[in-house]
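Only one structure is covered here, and it is reproduced in the block below.
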Amino acid sequence: MKTLRIAPQVYVAALAVWFTLVCFAGFASAADTADWPQWRGPRFDGTSPETGLPWQWSESNGIAWKCKLPEWGNSTPVICGDAVFLTSHVDEKELLLLKIDRVSGRIEWTRQVGSDSTPRIKLGHKTEEQRRRSSYHASHNLATPSAATDGELVVVHFGNGDLAAYDCAGNRLWYRNLQNDYGKYTIWWGHANSPLLFGDLVISACIQDSLKDLPEPHSLSYVVAHDKRTGKEVWKTLRPTDARSEPCDGYTTPIPWQNHGRTEIIVMGGQMLDAYEPTTGKRLWYLPDLTGNRVITNPVTGHGMIYATQGMRKPLLAVRPGGAGLRGRDDIIWEHARGTSDSPTPTLWGDLLVFVNEAGIANCLDARTGKVHWTKRLDGQYRASPLAADGRVYFLNMKGLATVVDASSEFKKLAENQLDDETIASPVAADGRIFIRGRKSLYCVKK
C-alpha cells in the first residue's frame with residue numbers, strides 16, 4: 001500500500017486552522033456564559049448576557065457583600081464560577097493577586113506576584129532622559145492591567161512587566177518579566193495593557209514611545225504570545241509606527257474578532273489599527289495615519305466593523321477592513337468627532353454604540369451609520385468604561401455614583417446609585433450581580 005505523505009507546510013497550515021477554530025469556538029461559547037473572564041467581559045465589548053441584574057442600590061441597600069481590599073489598584077475583577085480574581089499594588093511595594101469567593105465575599109487567598117514601586121513625575125513635556133523610562137499618571141499604579149481567567153488558571157500582568165500564571169488553588173505555574181525579556185518600557189504614563197487569554201495563548205501588547213527622534217538606543221513596540229501553561233514564548237511580532245514621542249503610546253488590550261470567517265487579533269495604538277494571525281503572530285493588515293495622541297480607549301467590534309477612537313478625544317471611527325496589507329481611508333465607513341472619549345471604552349448593545357467622555361458627556365450612536373440618537377451630560381468625572389447588560393447601560397463616575405439608563409435610542413434615566421468610595425475600575429456583571437471595584441472595597445450588588 002502506498003503511504004500518503006503530507007508536506008510539512010500543509011500540516012502546519014492545517015494545524016493553524018484547527019487551532020483557530022477551537023479557540024474561536026471557545027471564545028463564542030464564553031460569550032454566552034455568566035462569567036466575566038477578562039477585560040471588557042465575555043464578548044470583549046463591555047456587555048454581558050446576564051439578566052435579572054440590579055439597577056438600584058446604595059451603601060445601605062442592595063449590597064450582597066462588601067470586601068475590604070488591600071489598597072489599591074484600578075484593575076477590574078474577573079470572574080469564573082465562584083472565583084473572583086483581582087490585583088492590587090500595596091504600599092508602593094507588593095504586587096498582589098487576590099482570590100475572593102463570589103458567594104461570601106471572603107478573601108480565600110492572596111499571592112505576592114512581585115515587588116516594585118510606581119515612578120512618577122509631574123505631567124507635561126518630558127525631557128529626553130525622562131522619555132527613556134516609564135513614569136505614571138497619578139490616577140493609576142502598577143495594578144491597572146486586569147487579570148484573565150478561563151477556570152483552569154488565572155494570568156496576571158503588572159505595569160512593571162511582571163507576567164505570571166496561577167492555578168485556582170493559588171499555586172504559581174510560571175513567571176517572567178517582559179521588561180527583562182524585551183527591554184525597558186518607554187510608555188509615557190505607565191504600562192496599563194491587560195493580557196488576552198485566547199485558547200492556549202496569553203497575548204500581550206507593548207505599545208510605547210519608539211524614541212526614533214532621539215539618538216539610539218531606540219525602543220520597539222511589539223505583540224507577544226506565551227503558552228498559558230508554561231510561559232514559554234510562542235511568537236513575538238514587532239509593531240513599528242511612524243508616530244513620534246507620546247503619540248506612539250497605546251494603553252489598549254488586544255481583542256479577537258471574526259473578519260470574513262477568519263479569526264484575527266486586533267490591536268490599536270501608535271496612530272495605527274492592525275490585526276494579527278493568532279497562531280503565528282503574522283500581521284495580516286494595518287491601517288496607519290490615524291493621527292492623534294496616545295490611545296487609552298480600547299476598540300470594540302460588531303456588525304462586521306471595528307469601532308476605534310484615534311486617541312485623546314480625536315474622532316471615533318467605524319472601520320471595515322478588507323483584504324491584506326496596507327489599508328486606507330476607504331475602509332472607514334463613518335466617523336464621529338464630537339464629545340469622544342479619552343479614557344472610557346465604548347460598549348455595544350445591539351445597534352447602539354454607547355460611550356461617555358471624561359467630562360460626563362454620554363453619547364448613543366447608531367452603530368451601523370454613526371447617527372447620533374442622544375447626547376446627555378451625566379454627573380461627575382469618568383474613567384470607568386460603561387457596562388451594558390439586561391437592557392440597561394451602567395455609567396460609573398470617579399466618586400462612586402452609578403447612573404443607570406435604558407439601553408435604547410431614546411434617553412431614559414432609571415436611577416442614580418451612590419457608593420462611598422473612589423471608583424476608576426469599570427463595573428462588571430456575573431451570576432445576576434454587579435461587581436464594583438473601589439479604591440477601598442469590592443462591592444457585590446444584588447437585585
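All of these numbers come straight from a predicted model, not from anything done at the bench. Reckoned from all heavy atoms, side chains included, excluding hydrogens, waters and symmetry mates.
Between the CG atom of Asp150 and the CG atom of Asp200 there is a distance of 8.5 Å, given to the nearest 0.5 Å. Atoms CG and OG1, from Leu348 and Thr301 in turn, are 8.0 Å apart once rounded to the nearest 0.5 Å. Atom CZ of Arg132 sits about 9.0 Å away from atom CG of Asp209, to the nearest 0.5 Å. To the nearest 0.5 Å, atoms OG (Ser48) and CG (Asp431) are separated by 10.0 Å. Interatomic distance, Lys99 NZ to Ile107 CD1, rounded to the nearest 0.5 Å: 13.0 Å. Atom OG1 of Thr253 and atom CD1 of Ile265 lie 12.0 Å apart (nearest 0.5 Å).
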**Request:** Give the C-alpha distance, both sets of side-chain angles, the deciding distance and a yes or no for side-chain contact (heavy atoms from CB on, under 4.5 Å) between Leu97 and Tyr166.
**Result:** CA-CA 9 Å; Leu97 167 64; Tyr166 291 77; 3.7 Å; yes
**Intermediate values then yes/no, side-chain contact (heavy atoms from CB on, under 4.5 Å), Val295 and Gln310** = CA-CA 7 Å; Val295 178; Gln310 286 186 220; over 6 Å; no
**Message:** Let's go through Trp349 and Asp45 carefully: what are the C-alpha distance in whole Å and the side-chain angles of both, what is the deciding distance for side-chain contact (heavy atoms from CB on, under 4.5 Å) to 0.1 Å, and is it a yes or a no?
**Reply:** CA-CA 9 Å; Trp349 186 259; Asp45 60 3; over 6 Å; no
**Request:** Could you check Asn259 against Glu264 for side-chain hydrogen bond (donor to acceptor under 3.5 Å, both in side chains), going step by step and ending with a plain yes or no?
**Result:** CA-CA 7 Å; Asn259 186 5; Glu264 301 176 350; 3.1 Å; yes
**Message:** Checking Asn141 against Trp72 for the side-chain contact (heavy atoms from CB on, under 4.5 Å) test, could you report, in this order, the C-alpha distance in whole Å, the side-chain angles of both residues, the deciding distance, and whether it holds?
**Reply:** CA-CA 8 Å; Asn141 61 18; Trp72 55 288; 3.3 Å; yes
**Check against side-chain hydrogen bond (donor to acceptor under 3.5 Å, both in side chains), Ser88 and Glu71** = CA-CA 6 Å; Ser88 195; Glu71 297 184 35; over 6 Å; no
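Residues Tyr382 and Phe395 form a side-chain contact, since some pair of their non-hydrogen atoms from C-beta on lies under 4.5 Å apart.
Tyr394 does not carry Arg392 over the face of its six-membered ring by the limits of under 6.0 Å from the centre and within 45° of the normal. A cation-pi arrangement is not found for Arg172 relative to Trp174, the charged atom failing to lie both closer than 6.0 Å to the ring centre and inside a 45° cone about the ring normal. With a 6.0 Å cutoff to the six-membered ring centre and a 45° limit on the axis angle, Arg327 does not count as a cation-pi contact of Trp285.
Here the closest heavy-atom approach between residue Pro299 and residue Ile255 is recorded as O-CD1, 3.3 Å. For Leu211 against Pro217, the heavy-atom pair with the smallest separation is CD1-O, 3.9 Å. Closest of all the heavy-atom pairs between Val90 and Pro70 is CG2-CB, 3.6 Å. The heavy-atom pair separating Leu352 from Cys364 by the smallest distance is CD2-SG, 3.9 Å. Across all non-hydrogen atoms, the minimal contact from Asp331 to Gly322 is OD1-N, 3.7 Å. Taking every heavy atom of both residues into account, Leu96 and Phe158 meet most closely at O-CZ, 3.5 Å.
When atom types are taken as modelled, the side chain of Asp167 and the backbone of Ala169 share a donor-acceptor pair closer than 3.5 angstrom. With His303 contributing its side chain and Met305 its backbone, the two residues share no donor-acceptor pair below 3.5 Å. Distance alone, capped at 3.5 Å, places no donor-acceptor pair between the Thr309 side chain and the Gly311 backbone. A donor-acceptor pair under 3.5 Å links the side-chain atoms of Thr237 to the main chain of Gly281, judged by distance alone. Of the possible polar contacts, none joining the Arg383 side chain to the Ala425 backbone as a donor-acceptor pair under 3.5 Å is found. At distances below 3.5 Å, at least one donor-acceptor pair connects side-chain atoms of Trp235 with backbone N or O atoms of Pro278. Of the possible donor and acceptor atoms, none in the side chain of Asp116 sits under 3.5 Å from a partner among the backbone N and O of Lys93.
Using modelled atom types, one finds a donor on one side chain and an acceptor on the other under 3.5 Å when comparing Thr118 with Glu92. Side-chain contact annotation: Glu277 with Thr279, donor-acceptor N/O pair under 3.5 Å present. Neither side chain, Thr297 nor Thr345, offers a donor N or O lying under 3.5 Å from an acceptor on the other. In the model, Gln258 has a side-chain atom that pairs as donor or acceptor with a side-chain atom of Thr263 under 3.5 Å. Between the side chains of Asn357 and Ser341, not a single donor N or O lies within less than 3.5 Å of an accepting N or O. Residues Glu233 and Tyr182 bring a donor and an acceptor atom of their side chains to less than 3.5 Å of each other. Donor-acceptor pairing under 3.5 Å is recorded for the side chains of Asp162 and Tyr175.
Ring pair Phe435/Tyr443: centre-to-centre distance not below 6.0 Å.
Among the candidates Lys126, Arg131, Arg294, the single residue satisfying the salt bridge (charged side-chain N to carboxylate O under 4.0 Å, His left out) test with Glu246 is Arg294. Residue Thr186 forms a side-chain hydrogen bond (donor to acceptor under 3.5 Å, both in side chains) with just one option from Ser219, Ser210, Ser134, and that option is Ser219. For the side-chain hydrogen bond (donor to acceptor under 3.5 Å, both in side chains) with Ser75, the qualifying choice from Arg437, His140, His157 is Arg437, the only one to do so.
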